[in-house]
Amino acid sequence: MKKLIAFALIGMLFLSACGHSNSNPDNANKNSSSELQESSAGRESDAEQTQTDQTAALPIVKVENRHLLRYTEDGEVLLSELEQDNITLDGIGYEKAAETVKRLFYVSDEAMERTVDDYAEMAQEQYEFVKDQGWFANYVSVTTYEIARLDTKVLSVKCLGYDYSGGAHNNSWIGGATIDLESGLELELSRLADDAAGFMDKTLEFVIAELGKRQDELYEDYESYVKENWENTDWYLDAAGIEFTFSPYAIGPYSSGSIIVCVPYEEVAEYMKPEYLDVSGEYIRMLPAECEVADREGTYRVSIEYRQTGEYMEETYLHVNGKEQKLGEHVYMTQAYLMRRANGRNFLVYTVDWASDDYETYVCELTAEGAVQTDSIWARIDGKNMNPKEMNLLFSLDILGTYSSQMRYELSEEGVFTALDNVYSIQPHQGGGGGLVTIKALPVKMDEQETTLPSGSKISVTATDNAGTAWFEGIDASGKSVAGEIHYERREDEWQLYIDGISEYEYFEMLPYAG
């Protein structure tokens, strides 16, 4: 019963955060029709609106991630893990939308603490039952968000969930939510069109046809299920069109995974309201694979293609205006975004993984002649925080272990990355456990004083300048909270760091270097 209660709790957290509120009779959207009509009635003329689109500033969307851990009393075994994103939106004129974003995508610290504690309690029971058999899998709940489309008209969010609370395998799902930034309301699917009935019929017809190509991996009654639940089907907007999502067990078995069907904008352009079909100002849009995207001005056509060339061989290609570029074999494009700047220039920003977690991000300007590279950096896009004027890039830094870190960057009007910080931030594990354990006195700087941490202290690296200083927090051997700096030296042609002239390996029980 405890398992059912906890699973229901995390399900409600995810559903409330990802816009699954269309079926709720008390949802704020019940008045969306009249409010959207009032909003539309006061719109400017087409010429005035175009000028507004070109000059209006995009809102700043930030996604904060919290990562909570719970261990057994001895701190040796991880019992439960919760990763939860919270989104905030800020900008003049977007106040109503900011309130809706908070309602949809914010989970309080107290609710997260309760959830990870409930999972830990269930996991503890499972651990006691199986620990003598030599295996145990900790319980996990993850809810993360990616910005799929952001312009002056809409914010569309792709929601991803993952849960394991015992059993043969985990559960995962994909959802979405879209907010009208002018009215501040969460959008129902039918509100994207003036002819709602025709639009709903057209999108349903297209999705059913696309699913028919995969019917061998779906349940026999998938078509009737989709038709009966069409108004409540999850969706989000990106560069290619309307992405409809079906999580495992909805229309197919677990082995089929999550299924996404894209309805291209051009398929429903005759129905969609202009403000949702396209805007002429700045925007950011996620570019999915295997879908060709063209801008309405005719400047570019772009797509990403994966070709299976053997049982374990795959090649990745980039197509721009009919020109094909092979990125390489065993090279996977992890994320790609189209960005239009205020000056009208169009850029493709994409990340490729050259090896195992060996990421490089490229920026290419899209012109009538093709793609022209303007910048590259050894990092990857953070799809959670996307805005040309402020975005996060993720780095794998070898500083007292291998850590995923982030730093804020701006993409200039010329398509060049410029760092907005000089310190890489690292998300510390919360809830005890993890981190580094000292085995000898560690030289540090705390409260502007040079001192040492005694053996048995437990700390986590929280930031670094990647040039000789790492910041930490944790507890010392007596249980007192501590925070400060560790100064290190990196020697040429060596794979280890030195602290006060001594190898880093002599200071800690273990350094979590990858590889």
Side-chain angles (χ1 to χ4, degrees), residues 10 12-21 27-29 56-68 82-113 115-116 141-161 175-187 236-238 281-286 335 337 339 381-394 404-411 420-421 423-428 430 462-463:
I10 200 64
M12 287 188 290
L13 289 177
F14 178 81
L15 293 176
S16 65
C18 290
H20 290 63
S21 51
N27 184 269
N29 274 357
L58 289 179
I60 298 296
V61 179
K62 295 184 179 180
V63 185
E64 177 188 8
N65 179 268
R66 286 204 67 192
H67 195 185
L68 302 178
L82 182 143
E83 184 177 353
Q84 174 70 51
D85 283 347
N86 278 337
I87 304 182
T88 58
L89 183 145
D90 186 39
I92 298 174
Y94 299 107
E95 290 79 11
K96 289 184 179 180
E99 294 176 3
T100 301
V101 166
K102 183 175 181 180
R103 175 175 60 83
L104 292 176
F105 303 112
Y106 177 82
V107 179
S108 69
D109 291 347
E110 293 78 9
M112 285 188 272
E113 295 283 351
T115 299
V116 74
S141 175
V142 177
T143 303
T144 62
Y145 306 122
E146 295 179 348
I147 307 307
R149 174 175 160 178
L150 174 64
D151 49 52
T152 57
K153 296 301 181 185
V154 298
L155 165 65
S156 199
V157 178
K158 180 180 180 181
C159 311
L160 302 101
T178 299
I179 299 168
D180 180 292
L181 294 179
E182 188 174 81
S183 68
L185 296 173
E186 181 190 4
L187 282 171
Y236 59 89
L237 303 174
D238 62 14
E282 279 193 296
Y283 64 62
I284 295 175
R285 295 179 181 177
M286 184 185 295
Q335 281 183 308
Y337 281 84
M339 296 188 185
I381 303 170
D382 176 11
K384 299 177 181 180
N385 293 278
M386 295 299 297
N387 188 294
K389 295 185 176 66
E390 184 176 334
M391 68 179 73
N392 287 339
L393 296 182
L394 303 178
S404 177
S405 61
Q406 64 182 28
M407 186 182 285
R408 295 186 308 133
Y409 277 77
E410 177 184 15
L411 184 69
L420 299 177
D421 294 322
V423 173
Y424 302 85
S425 63
I426 299 168
Q427 180 70 38
Q430 298 163 305
T462 59

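Everything numeric here is computed off the predicted structure, so don't read it as measured data. Values reported hereafter were calculated over all heavy atoms of this structure, with side chains retained and with hydrogens, waters and symmetry mates removed. For reference, positions follow the sequence shown, starting with 1.
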What is the minimum heavy-atom distance between [X] and [Y], and which atoms define it?
{"X": "G176", "Y": "Y236", "result": "CA-CB, 4.2 Å"}
{"X": "L58", "Y": "T152", "result": "CD2-N, 3.7 Å"}
{"X": "S183", "Y": "D180", "result": "N-OD1, 2.7 Å"}
{"X": "E186", "Y": "A177", "result": "OE2-CB, 4.3 Å"}

If you measure from CD on Q406 to CG on D421, what distance do you get to the nearest 0.5 Å? 9.5 Å

Straight-line distance of D238 CG to R285 CZ, nearest 0.5 Å: 9.0 Å

For the side chain to side chain donor-acceptor pair (under 3.5 Å) test, which of T144, D85, T143 pairs with N65? D85

Heavy-atom side-chain proximity of L411 to M391 below 4.5 angstrom: yes

If we only count heavy atoms from C-beta on, is the M386 to I381 side-chain gap below 4.5 Å? yes

With sequence neighbours excluded, what pairs up with D90 under the salt bridge (Lys or Arg N to Asp or Glu O under 4.0 Å) test? none

Checking side chain to side chain contact (heavy atoms under 4.5 Å, CB included) between L155 and each of L181, L237, I284, which is the one that passes? L181

Quick one: list whatever passes ring pair (Phe, Tyr, Trp, His ring centres under 6.0 Å) with Y409, sequence neighbours left out. none

